[in-house]
Amino acid sequence: MTRKTYVFARAFRDSLPILMGYGTMGFAAGVVFAVKSGSAHPEMWSLAIAALGFSGTLQFVIGDWFGEMRSLWFVATMTFAISFRYALYGFALLGKWNGIGLWRKLFLIGGLADENFALEASCKLKGKAEYIRYCTILTSLNLFYWVSGCFAGALAGSTLPIPSRGIEFVMAALFIAILTDQVKDLVRERRRK
């Protein structure tokens, strides 16, 4: 196995739990958008919003804003407030991304979500080129999972009679599952010591 193949396989393997979460959460966000936005083509809007604003929280609330015809100023301000933490994640990784091209750096910063940041910050690959390749592949895969989930959910929500009441809980459930896994890992690690 070449090093490039190894890096791809590692990024793919590391992204599989995120695929499960993003597929489910993205689908739910797409359904909520389709139901609440009042848009004639919610699947296209959901796809565009998911690709340009890679944020689960944003994806869940923007359907309400869309349906309420909120001003562009309101949407821009709230999007900035909700997504500001991602910029801070980017600052934390800039040292590791030093020397790469501007477009790739912007892609990596724009694709930073909580899950990406956790994996990229803890990645132990040796060599800058491998690390950057890992980050790029991971970001691409996770963005694909999110956009696909949102699109599929919006398509289903606009064509099938899917009840959307309470579906927003999927985000809280995902965070609870992540926290539970982290606590279990911490307990296991302490027991080994």
Side-chain angles (χ1 to χ4, degrees), residues 11-12 14-90 93 103-120 135-160 162-175 177-178:
F12 179 69
D14 289 351
S15 77
L16 288 177
I18 297 169
L19 166 63
M20 298 300 127
Y22 280 10
T24 304
M25 196 165 77
F27 188 87
V31 168
V32 168
F33 183 84
V35 170
K36 293 187 175 185
S37 71
S39 169
H41 300 286
E43 63 282 350
M44 301 315 288
W45 281 106
S46 186
L47 182 128
I49 293 165
L52 297 173
F54 188 30
S55 168
T57 306
L58 178 65
Q59 196 78 21
F60 274 96
V61 298
I62 205 157
D64 287 327
W65 300 344
F66 214 88
E68 296 166 1
M69 299 297 290
R70 293 291 188 142
S71 71
L72 185 57
W73 174 251
F74 174 85
V75 172
T77 303
M78 292 305 293
T79 298
F80 177 78
I82 289 170
S83 302
F84 184 69
R85 73 179 185 273
Y86 301 130
L88 298 176
Y89 291 164
L93 292 174
W103 291 111
R104 182 178 282 191
K105 195 176 289 187
L106 289 174
F107 173 71
L108 292 175
I109 291 170
L112 271 178
D114 303 325
E115 299 81 6
N116 278 20
F117 177 74
L119 290 171
E120 291 173 14
C135 292
T136 304
I137 294 167
L138 184 71
T139 300
S140 300
L141 288 169
N142 291 340
L143 184 60
F144 175 75
Y145 302 154
W146 179 249
V147 170
S148 300
C150 290
F151 178 77
L155 187 62
S158 66
T159 57
L160 302 173
I162 297 175
S164 66
R165 184 165 184 219
I167 202 168
E168 295 94 343
F169 182 72
V170 74
M171 194 161 184
L174 178 65
F175 287 123
I178 290 170

Item to check | Spacing of Leu108 atom CG and Leu93 atom CG [to the nearest 0.5 Å] | outcome: 9.0 Å
Item to check | Separation between CG of Leu155 and CE of Met44, rounded to the nearest 0.5 Å | outcome: 10.0 Å
Checklist outcome for this item: Here the gap from Leu52 atom CG to Leu47 atom CG, rounded to the nearest 0.5 Å, amounts to 9.0 Å
Item to check | Sequence-distant partners of Phe117, ring pair (Phe, Tyr, Trp, His ring centres under 6.0 Å), two or more places apart | outcome: Tyr89
Checklist entry - Minimum heavy-atom separation for Ser46 to Ala154, with atom names? => result CB-CB, 3.6 Å
Item to check | Separation between OG1 of Thr136 and CG of Leu141, rounded to the nearest 0.5 Å | outcome: 11.0 Å
Checklist entry - Counting only N and O atoms by type, is there a donor-acceptor contact under 3.5 Å from the side chain of Thr24 to the main-chain atoms of Gly21? => result no
Checklist entry - So which of Leu19, Ile137, Ile18, Asp14 actually passes side chain to side chain contact (heavy atoms under 4.5 Å, CB included) with Asn142? => result Ile18
Checklist entry - Under 3.5 Å, is there a donor-acceptor pair between the Thr139 and Glu120 side chains? => result yes
Checklist entry - Taking everything shown except Leu88 itself, do over 12 heavy atoms lie less than 6.0 Å from its CG? => result yes
Next on the checklist: For the backbone of Phe12 and the side chain of Ser15, can you confirm whether one donor and one acceptor N or O come within less than 3.5 Å of each other?
Outcome noted: yes
Item to check | Of Trp146, Phe144, Phe27, the residue whose pairing with Tyr22 passes ring-ring contact (aromatic ring centres under 6.0 Å, His included) | outcome: Trp146
Next on the checklist: Looking at every heavy atom in both Ser158 and Ala34, which two are closest together, and how far apart are they?
Outcome noted: N-CB, 3.8 Å
